[in-house]
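Hydrogens, waters and symmetry mates are skipped; everything else that's a heavy atom, side chains included, is used.
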Amino acid sequence: MKRKKVLLIIALVMLVQSPLDAYASLPAPDFLPAGQLKMDMYEEKVQAGQVSGNDTGEDTEDEAETAQDVLDNDTIGSGTVLISDKTAEDYALAYERAKNANWGYTNLGIANVSDNLNIRAIAAEDGRLVGKLPKDAACEVIEMDDIWAHIRSGSVEGYVSRDYLLTGVLAKFKAEELATTVATVNTDSLKVRAEANTDSEVITLVPRGEELEVSAVEGDWVRVFLDDDEVYVSAEYVEVSAELGTAVTMSELLYGQGISDVRVDICQYAKEFIGNPYVWGGTSLTKGADCSGFVMSIFKKYGVKLPRNSRAQANCGTVIKVSEAKPGDLIFYAKGKTINHVAIYIGNGQVVHASSPKTGIRISNVSYRSPFKAVRILQD
């Protein structure tokens, strides 16, 4: 009788062990972004010596959510495997989605600076500048030593000082705070409407490839930010995804021939404040400005006095065609036929402007929405 009991126990153990072995053979899930976890919790652990500041987080259970969140929040464990309806393909898919959920980066880096981080062609202080990584922008870290990090961001590849780059878990925590949901236009000319219906007023047109910051997805419509307004676009003609900022190339920072020094200076000066906050009614280039306050304060430094709001600024200077704009000219945008936004043209088809409370001062394509009017303030 005892012999039969022993044999029965052995048989039961083998039945349990078989599916566990099958599960164990699956790839271990990588981590999804940090979700609800807070950076200050992690920093307390670093200070207490419980984890390393360069820890990637891949061996610490309570630092990040795992691929089980992809599997409909089912618990992955020995008790569940026996009764789970998940297949090996389900687990493999969860693994792949988790592995690629880090905003498209394998080894994420975040610029930890107050303005811009210089990207150089070689790992040396006197290396040629090839671009700039704005504050909080992301990059792929290719390799690192004690001093330099070899990175790629957008269309820029080069070297940055490791002292000003967050990596590992700290980068993941920071990225979770910074990631912006955007709607990328996938049609030639997207209509932006005041309300979520096809009878609503068309405010402007946005070209293919432009990214609009998402406020909310509401069924067949996506509510987006158009500078400091919230408007609607058809969900059919956009692709919604989470994005992080990337580097700016040197060609985006340079100008064509025949541009006066004062125009170059104005544009360079304006770009010093990229990343600073948007504040409605504000005129401070550091603490916060709205679109017209930003333009007014930039030109004030060069002895040009402009009115306080964008509609009044549009009546200054000389009206020109948008296609004739030079760096330092003003580009105006409208809601219907009412001007409600102004930006400074900086060349290469781009403008710098105080855009919205969420994005602050940034660079955009001049056609990120349909330009309404261009004005030349500098008569040189």
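- Between the side chain of Thr283 and the backbone N or O of Gly293, no donor-acceptor pair lies under 3.5 Å.
- The side-chain heavy atoms of Pro307 and Cys316, taken from C-beta on, include a pair separated by under 4.5 Å.
- Salt bridge annotation for Lys358-Glu213: present, with a cationic side-chain nitrogen under 4.0 angstrom from a carboxylate oxygen.
- A salt bridge between Asp329 and Arg263 is present, with a side-chain N of the basic residue lying under 4.0 Å from a carboxylate O of the acidic one.
- The distance from the OG atom of Ser355 to the CZ atom of Phe294 is 11.5 Å, given to the nearest 0.5 Å.
- The structure places CD of Glu195 at 10.5 Å from CH2 of Trp221, a figure rounded to the nearest 0.5 Å.
- Taking 4.0 Å as the cut-off between side-chain N and carboxylate O, Glu230 and Arg223 count as a salt-bridged pair.
- Checked for salt-bridge contact, Asp227 and Arg369 meet the test: a charged N lies under 4.0 Å from a carboxylate O.
- Only one option out of Ile320, Val351, Ile377 pairs with Leu330 in a side-chain contact (heavy atoms from CB on, under 4.5 Å); it is Ile377.
- Contact record, Ala194 with Ser200: N-OG, 3.3 Å, taken as the closest heavy-atom pair.
- Formation of a donor-acceptor pair under 3.5 Å by the Thr184 side chain with backbone atoms of Gly209 is not found in this model.
- Asn365 places no side-chain N or O within 3.5 Å of a backbone atom of Ser367 that could act as its donor or acceptor partner.
- Annotation for Ala196 and Tyr232: closest pair CB-CD2, 3.6 Å, computed over non-hydrogen atoms.
- In this structure, Phe299 is not a member of the same hydrophobic cluster as Tyr345, with clusters built from ILVMFWY side-chain heavy atoms closer than 4.5 Å.
- Side chains of Leu108 and Thr167 form no contact here, defined as non-hydrogen atoms less than 4.5 Å apart.
- For the pair Arg208 (side chain) and Asn186 (backbone), a donor-acceptor distance under 3.5 Å is present.
- A donor-acceptor pair is defined here as one N or O able to donate and one able to accept, closer than 3.5 Å; such a pair exists between the side chain of Ser356 and the backbone of Thr359.
- A donor atom on one side chain and an acceptor atom on the other are not found under 3.5 Å apart for Ser241 and Glu239.
- The cluster map of Ile, Leu, Val, Met, Phe, Trp and Tyr, joined by side-chain heavy atoms under 4.5 Å apart, puts Leu285 and Val279 in different clusters.
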Discussion item. Evaluate Val240 against Val182 for side-chain contact (heavy atoms from CB on, under 4.5 Å), listing each step before the verdict.
Written reply: CA-CA 6 Å; Val240 177; Val182 299; over 6 Å; no
Item to complete: Start with the C-alpha distance between Asp136 and Lys174, add both sets of side-chain angles, then the distance that settles side-chain contact (heavy atoms from CB on, under 4.5 Å), and finish with yes or no.
Response: CA-CA 8 Å; Asp136 295 334; Lys174 191 66 175 176; 3.6 Å; yes
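- Between the side chains of Ser292 and Ser310, no donor N or O sits under 3.5 Å from an acceptor N or O.
- The line from CG of Asn315 to CG of Leu306 is 12.0 Å long, rounded to the nearest 0.5 Å.
- Under the 4.5 Å side-chain contact rule for hydrophobic residues, Val222 and Val206 share a cluster.
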Item to complete: Could you check Tyr278 against Asp290 for side chain to side chain donor-acceptor pair (under 3.5 Å), going step by step and ending with a plain yes or no?
Response: CA-CA 5 Å; Tyr278 173 103; Asp290 60 17; 5.2 Å; no
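- The side-chain contact (heavy atoms from CB on, under 4.5 Å) test with Leu226 is passed by exactly one of Val231, Asn340, Val233: Val231.
- Side-chain contact check for Val264 versus Gln268: some heavy-atom pair is nearer than 4.5 Å.
- Looking at Tyr333 and Ile339, their side chains never come closer than 4.5 Å, going by heavy atoms from C-beta outward.
- You'll find the side chain of Leu205 stays beyond 4.5 Å of the side chain of Val192, heavy atoms only.
- When the shell of 6.0 Å around NZ of Lys191 is examined, it contains 12 or fewer heavy atoms from other residues, nucleotides or ligands.
- Nearest heavy atoms, Tyr105 versus Glu140: CA-OE1, 3.3 Å.
- When side chains are defined from C-beta on, Val342 counts as touching Gln313, because their heavy atoms get closer than 4.5 Å.
- Remark: the backbone N or O of Gln350 is not paired with any side-chain donor or acceptor of Asn348 at under 3.5 angstrom.
- Hydrophobic clustering keeps Val214 apart from Phe225 (ILVMFWY residues linked when any side-chain heavy atoms are closer than 4.5 Å, directly or through intermediates).
- Under the 4.5 Å side-chain criterion, counting only non-hydrogen atoms from C-beta, Gln379 is in contact with Thr318.
- Of all non-hydrogen atoms in Cys139 and Leu165, the two that sit nearest each other are SG-CD1, 3.9 Å.
- When side chains are defined from C-beta on, Asp115 does not count as touching Phe273, because their heavy atoms never get closer than 4.5 Å.
- Screening Ile110, Ile119, Asn116, Asn118 against Leu133 for a side-chain contact (heavy atoms from CB on, under 4.5 Å) leaves a single residue, Ile119.
- Distance check, rounded to the nearest 0.5 Å: CD1 of Ile147 to CD of Glu125 gives 9.0 Å.
- With respect to the salt-bridge test (charged N to carboxylate O, under 4.0 angstrom), the residues Lys301 and Asp265 do not qualify.
- Cluster annotation: Val322 is not connected to Ile346 through the hydrophobic network of ILVMFWY side chains, with a link wherever side-chain heavy atoms come within less than 4.5 Å.
- Side-chain atoms of Arg120 never come within 3.5 Å of backbone atoms of Gly158 as a donor-acceptor pair (strictly under, hydrogens ignored).
- Less than 6.0 angstrom separates the ring centroid of His353 from the ring centroid of Tyr368.
- When every heavy atom of Val352 is checked against every heavy atom of Ala270, the shortest pair comes out as CG1-CB, 3.8 Å.
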Fill in: Full working for side-chain contact (heavy atoms from CB on, under 4.5 Å) between Asp229 and Lys335
CA-CA 9 Å; Asp229 286 334; Lys335 184 175 183 179; 4.0 Å; yes
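- Residue Asp220 places its CG atom among 12 or fewer non-hydrogen atoms of other residues, nucleotides or ligands, all under 6.0 Å distant.
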Practice prompt. Tell me, with the steps shown, if Met296 and Arg308 meet side-chain contact (heavy atoms from CB on, under 4.5 Å).
Written response: CA-CA 7 Å; Met296 184 184 73; Arg308 177 62 187 85; 4.0 Å; yes
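- Ala171 approaches Leu166 most closely through the heavy-atom pair CB-O, 3.4 Å.
- Between the OG atom in Ser161 and the OH atom in Tyr164 there is a gap of 6.0 Å [rounded to 0.5 Å].
- Lys271 NZ to Ile298 CD1: the interatomic distance, rounded to the nearest 0.5 Å, is 11.5 Å.
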